[in-house]
2 protein chains.
Amino acid sequence: MVQFVHPSRDDITLTGVLEALSDPMRLRIVRALVAQQGCLSCTEAAPCPDMAKSTLSNHFRILRQAGLVMTSKKGVEHRNVIRLDDIEARFPGLLKMILGFYDAENQG
Amino acid sequence: MVQFVHPSRDDITLTGVLEALSDPMRLRIVRALVAQQGCLSCTEAAPCPDMAKSTLSNHFRILRQAGLVMTSKKGVEHRNVIRLDDIEARFPGLLKMILGFYDAENQG
DNA sequence: TCCGTAGTTCGATATTATTGAACTATTGAA
DNA sequence: TTCAATAGTTCAATAATATCGAACTACGGA
């Protein structure tokens, strides 16, 4: 039985968040999760056939540990939700700003 | 003769900046440079006797490559300046926001 | 000219990321 | 039930990156 550990809101750190978002694939995943405003499975959030699924799994683990993503199991797949409220409470405006720049950089 | 290469303003990328700032030591260096509003030598910007100077040098190289820091040689030491204008032009408000959270996290 | 200082570069090691293979858990169909 | 398929994790090996100490460069001052 896989049991995911997520940090509590107050344990989310600035460098943890920056580190998590500094990888292009993870930033793309977060972008997709925010755009969706709901649950996405891992493969839905990162449609990337050229990447090993173990690597993808590792990226989600990093996002969880940074406190950005909440993962729960539902059936055969994992539901990933962006922890918008917690991130906003901890670092108000940060995620929105970064994603704004991300969009501008990617044919905004 | 050491010749430093700095990216032009438009070549500063979001993930490059986030990656550079995701390291605690580099974030601290950037903090010091912004606070100083002027030049700092490498050892002034990172008073850190427990770190190898080759490691410190590498951190400055990463900061330069990310476009955050401009280094020039003056006498025996290197003068490091934060590229405030370029960063602000590229990602308005980002650095100020991140440093604000940094300060809050470190006995603000 | 010689020494001290500030940083870089280099080669070796330590840490981290990526990968494919094996494994777990769940669903759905025979 | 059992079997195959799906989604993702875990593991062990390799690839890439970070850190370190030592050697080196460049400059300034005695």
Side-chain angles (χ1 to χ4, degrees), chain A residues 1-6 13 15-30 32-33 36 38-66 68-82, chain B residues 1-6 13 15-30 32-33 36 38-66 68-82:
Chain A
M1 180 58 177
V2 182
Q3 197 62 14
F4 295 116
V5 178
H6 300 88
T13 66
T15 49
V17 169
L18 294 180
E19 152 87 61
L21 295 178
S22 70
D23 180 273
M25 172 54 57
R26 292 196 291 266
L27 188 51
R28 184 175 150 192
I29 290 170
V30 168
L33 288 174
Q36 174 68 15
C39 295
L40 284 179
S41 71
C42 295
T43 47
E44 282 172 341
C48 203
D50 52 331
M51 168 174 286
K53 57 182 179 173
S54 51
T55 304
L56 187 59
S57 179
N58 188 52
H59 282 313
F60 274 96
R61 186 182 53 76
I62 291 172
L63 288 171
R64 279 192 296 269
Q65 291 179 346
L68 292 177
V69 166
M70 166 81 170
T71 303
S72 57
K73 204 164 182 186
K74 185 138 188 184
V76 71
E77 65 186 19
H78 291 184
R79 295 304 182 83
N80 297 286
V81 189
I82 186 87
Chain B
M1 179 60 176
V2 181
Q3 197 63 14
F4 295 116
V5 179
H6 299 91
T13 66
T15 50
V17 169
L18 295 180
E19 152 88 59
L21 295 179
S22 70
D23 180 273
M25 173 54 58
R26 291 195 292 265
L27 189 51
R28 183 175 150 192
I29 290 170
V30 168
L33 288 174
Q36 176 66 16
C39 296
L40 283 179
S41 71
C42 295
T43 47
E44 282 173 341
C48 203
D50 52 332
M51 168 174 287
K53 55 183 181 174
S54 51
T55 304
L56 187 59
S57 179
N58 187 52
H59 282 313
F60 275 96
R61 186 182 54 76
I62 291 173
L63 289 170
R64 279 192 297 269
Q65 290 178 347
L68 293 177
V69 166
M70 165 82 168
T71 303
S72 58
K73 204 163 182 187
K74 186 140 188 181
V76 71
E77 64 185 21
H78 292 185
R79 295 303 183 83
N80 297 285
V81 188
I82 185 87

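The basis for the numbers below is simple: all heavy atoms, side chains too, and nothing from hydrogens, waters or symmetry mates. Lettering follows sequence order; numbering is per chain, from 1.
Where B:Arg61 and A:Leu56 meet DNA chain C, the nucleotide closest to each residue was compared, and B:Arg61 sits on the side nearer the 5' end. Along DNA chain C, the nucleotide closest to A:Lys53 and the one closest to A:Lys74 are compared, and the more 5′ of them pairs with A:Lys53. Each of A:Val76 and B:Asp50 was matched to the nucleotide of DNA chain D holding its nearest heavy atom; the match closer to the 5' end belongs to A:Val76.
Atoms CE (A:Met51) and C1' (C:dG20) sit 14 Å apart, rounded to a whole Å. Protein atom CD of A:Glu77 is 13 Å distant from nucleotide atom P of C:dT26, rounded to whole Å. Here the P atom of nucleotide C:dT26 and the NZ atom of A:Lys73 are 5 Å apart, to the nearest Å. As a whole-Å value, the separation of A:Phe60 CZ from C:dT18 P is 14 Å. When the P atom of C:dT19 is taken as reference, atom CG of A:Asn58 falls 10 Å away, rounded to whole Å. Residue B:Leu40 contributes atom CG, which lies 14 Å from atom C1' of C:dA6 at whole-angstrom precision. Atoms CG (A:Asn80) and P (D:dG8) sit 8 Å apart, rounded to a whole Å. Computed from coordinates, the B:Glu19 CD to D:dA16 P distance equals 16 Å when rounded to whole Å.
Between A:His59 and C:dA17 there is no side-chain N or O to OP1 or OP2 distance below 4.0 Å. Not one side-chain nitrogen or oxygen of A:Ser54 sits closer than 4.0 Å to the OP1 or OP2 atom of D:dG8. Residue B:Ser41 has a polar side-chain atom (N or O) positioned under 4.0 Å from OP1 or OP2 of C:dG7. Residue A:Thr43 places at least one side-chain N or O closer than 4.0 Å to OP1 or OP2 of D:dG8. For the OP1/OP2 pair of D:dG8 and a distance below 4.0 Å, the side-chain nitrogens and oxygens of A:Arg79 include no atom meeting the criterion. Considering only side-chain N and O atoms, B:Thr55 lies nowhere under 4.0 angstrom from the phosphate OP1 or OP2 of D:dT19.
Aromatic rings of B:Phe4 and B:His78 (six-membered ring for Trp) have centroids within the 6.0 Å cut-off, being under it.
Closest approach of B:Ala32 and B:Ala45 over heavy atoms only: CB-O, 3.7 Å. Shown here for B:Arg26 and B:Ile62, the closest heavy-atom pair between the two residues is NH1-CD1, 3.3 Å.
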For B:Arg79 and B:Glu44: C-alpha separation, side-chain torsions, deciding distance, then whether salt bridge (Lys or Arg N to Asp or Glu O under 4.0 Å) applies. CA-CA 10 Å; B:Arg79 295 303 183 83; B:Glu44 282 173 341; over 6 Å; no
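Shown are A:Leu56, A:Leu68, A:Ile82; of these, the side-chain contact (heavy atoms from CB on, under 4.5 Å) with A:Ile29 is made only by A:Leu56.
In this structure, A:Arg26 reaches neither bases nor backbone, as no heavy-atom distance under 4.0 Å exists between it and the strands shown.
Pair assignment for C:dA30: D:dT1, on the basis of Watson-Crick or G-U wobble contacts that are both within less than 3.5 Å.
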